[in-house]
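Numbers restart at 1 for each chain; the letters A, B, ... are given by sequence-line order, proteins then strands. These numbers come from a predicted model, not from an experiment.
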Number of protein chains: 2
Amino acid sequence: MPKVGMEPVRRRALMDATLKAVGDHGSLAVTMSEIARHAGVSPALAHHYFGSKEQLLLATIRNLLQQLRDDAVKAVQAVHTPREKLSAIIRVSFHADQFAPETIAAWLAFYAEAQRSEETRRLLVLYARRLRSNLVARLATLCPREDAVRIAEGAAAMIDGLYIRQGLRAAPISAAASIALTEDYLEAQLRVVGGTASGAAPHPPAGTFSPQAGRRTDTAPSPSAVPSPRLRGEG
Amino acid sequence: MPKVGMEPVRRRALMDATLKAVGDHGSLAVTMSEIARHAGVSPALAHHYFGSKEQLLLATIRNLLQQLRDDAVKAVQAVHTPREKLSAIIRVSFHADQFAPETIAAWLAFYAEAQRSEETRRLLVLYARRLRSNLVARLATLCPREDAVRIAEGAAAMIDGLYIRQGLRAAPISAAASIALTEDYLEAQLRVVGGTASGAAPHPPAGTFSPQAGRRTDTAPSPSAVPSPRLRGEG
DNA sequence: TATTTTTAATTGACTGGCCAATCAATAAAA
DNA sequence: TTTTATTGATTGGCCAGTCAATTAAAAATA
């Protein structure tokens with residue numbers, strides 16, 4: 001069987017298998033055997049390439065975050081106004097794959113793991129920071145920086161919350177509804193803070209629709225995107 | 001050593017110890033020995049009173065949720081206007097004990113566990129529902145029910161999100177700041193929807209995308225509906 | 001009251017199973 | 001013949017759960 005050049009193939013297969021196993025199982029307490037079986041190799045091989053279970057888990061997380069980051073970047077670059085970019089970030093957070101129960105389960109497991117593993121925490125925080133500064137950067141062109149920071153924090157929290165609650169499957173909110181809720185938040189905050197994108201009109205009447213508001217940012221490209229999860233963190 | 005009437009004492013001590021151990025450890029993968037040590041008894045005794053580790057964990061979760069519920073009820077009863085009651089619910093969610101790192105870690109672990117354990121999921125869902133209906137009840141006196149449901153969903157998500165994010169300790173947002181963010185959300189939404197808190201709502205209800213629990217209108221039907229159509233003047 | 005019996009509390013010692021990690025052996029490229 | 005890929009078999013440790021034994025309070029009995 002030994003055919004050279006298998007290493008990268010196996011590594012990828014094992015990381016994919018890990019993600020799937022963790023998602024299915026809903027916990028990091030999956031056995032190397034199960035992961036290996038998913039990947040169609042022996043447990044010993046997993047140890048051979050990754051050294052330990054912990055290293056395999058970390059590699060899997062790194063891989064996932066990298067993937068998500070790439071997708072987010074792509075989505076943001078696909079549109080051009082700051083407001084559209086904001087929507088792109090939100091949209092990508094609730095993209096289909098992200099909303100799949102197994103993906104949510106895996107994320108939750110990683111989050112929980114971050115309470116124990118410093119390295120896991122580091123990775124999640126790093127990712128969160130990147131995304132956050134992205135949000136703040138766009139928001140800062142629409143309102144004072146101080147407000148931008150606050151609103152970014154709120155939006156990120158809401159995305160995380162919607163995401164987590166999805167994991168409970170209590171009241172399955174659709175992805176579209178989740179996006180709408182988050183956009184509502186953004187719009188309402190921007191309006192309060194300084195009129196949509198510009199002026200300083202303290203709260204315009206509701207029911208009347210603000211031109212900007214209902215923007216349909218759906219210029220989205222990617223059917224391929226394996227979007228990013230919530231936006232974490234801070235700086 | 002045998003002194004009668006120890007059962008309730010031990011049970012409580014063991015549940016407290018479980019919460020602490022889980023919080024410290026940041027995972028449900030704590031050993032019965034560790035829990036027992038925290039409680040100052042032998043592992044065998046824990047089994048004696050709870051039958052299994054799983055039962056002990058479930059009892060601990062039930063206990064925690066009960067506690068939270070009691071606190072919430074008390075806080076809500078202490079004030080009298082709907083608006084105040086809303087603030088009370090928010091405030092209680094971010095109360096000190098809740099915000100301690102170990103408590104947050106424990107919560108995360110339980111959320112993750114809910115992906116695996118149906119019973120754990122049931123308990124958390126029940127709690128989430130109660131919180132939600134509580135919010136909706138108050139909000140419904142301040143705005144149309146449809147909006148109340150939507151806003152409650154958003155507020156609950158934000159609370160959960162802020163809470164969970166605290167677990168990453170990337171950007172330690174203070175409890176006060178968390179409360180402020182949530183209140184901001186409420187205020188902004190109420191303002192948009194029908195005047196600040198008080199009556200005065202001549203506006204037709206802003207038609208938001210009905211997030212509606214349970215519904216899953218998205219995906220299939222309109223691709224064009226995906227964007228973020230908040231407030232269009234519906235009336 | 002003194003003595004015996006029952007009952008609750010508690011633990012040490014043990015078991016069976018699981019699983020991460022190791023390693024020597026094998027198979028096939030190079 | 002060297003190198004790479006791959007695995008079966010094994011080991012060592014850990015841990016949930018069991019059980020019989022011990023202690024002392026309480027209840028029953030004399």
Nearest-angstrom distance from the residue atom [atom1] of [X] to [atom2] of [N]:
X        : N       : atom1 : atom2 : result
Met6(B)  : dA26(D) : CE    : P     : 12 Å
Leu57(A) : dC19(C) : CG    : P     : 15 Å
Leu45(A) : dA21(C) : CG    : P     : 15 Å
Arg37(B) : dG12(C) : CZ    : P     : 14 Å
His48(B) : dG12(C) : NE2   : P     : 15 Å
Arg11(A) : dT6(D)  : CZ    : P     : 13 Å
Glu7(B)  : dA26(D) : CD    : C1'   : 17 Å

Restricting both atoms to N or O, compile the protein contacts to nucleotides 14-20 of chain D shorter than 3.5 Å, with distance only.
{"residue": "dA16(D)", "atom": "OP1", "partner": "Val30(B)", "partner atom": "O", "Å": "3.4"}
{"residue": "dA16(D)", "atom": "OP1", "partner": "Lys53(B)", "partner atom": "NZ", "Å": "3.3"}
{"residue": "dA16(D)", "atom": "OP2", "partner": "Met32(B)", "partner atom": "N", "Å": "3.0"}
{"residue": "dG17(D)", "atom": "OP2", "partner": "His47(B)", "partner atom": "NE2", "Å": "3.2"}
{"residue": "dG17(D)", "atom": "OP2", "partner": "Lys53(B)", "partner atom": "N", "Å": "2.7"}

Tell me, which pairs form a salt bridge (charged side-chain N to carboxylate O under 4.0 Å, His left out) where one or both residues lie in [range], sequence neighbours left out?
range                       : value
residues 49-69 of chain B   : Arg62(B)-Glu119(B)
residues 11-21 of chain B   : Glu7(B)-Arg11(B), Lys20(B)-Asp24(B)
residues 173-184 of chain B : Arg150(A)-Asp184(B), Arg83(B)-Glu183(B)
residues 162-172 of chain A : Arg165(A)-Asp160(B)

### Phosphate OP1/OP2 of dT6(D): any Arg10(A) side-chain N/O under 4.0 Å
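Yes, within the criterion.
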### Query
Which class fits the ring pair Tyr127(A) and Trp107(A): parallel under 30°, tilted 30 to 60°, perpendicular over 60°?
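Plane angle between 30° and 60°, so tilted.
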### Query
Counting any heavy atom closer than 4.0 Å, what does Phe50(B) reach on the DNA or RNA strands: base, sugar-phosphate only, or nothing?
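Here Phe50(B) touches no strand at all.
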### Task
Quick one: list whatever passes side-chain hydrogen bond (donor to acceptor under 3.5 Å, both in side chains) with Glu118(B), sequence neighbours left out.
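Once residues adjacent in sequence are excluded, the partners of Glu118(B) under the side-chain hydrogen bond (donor to acceptor under 3.5 Å, both in side chains) criterion are Arg121(B).
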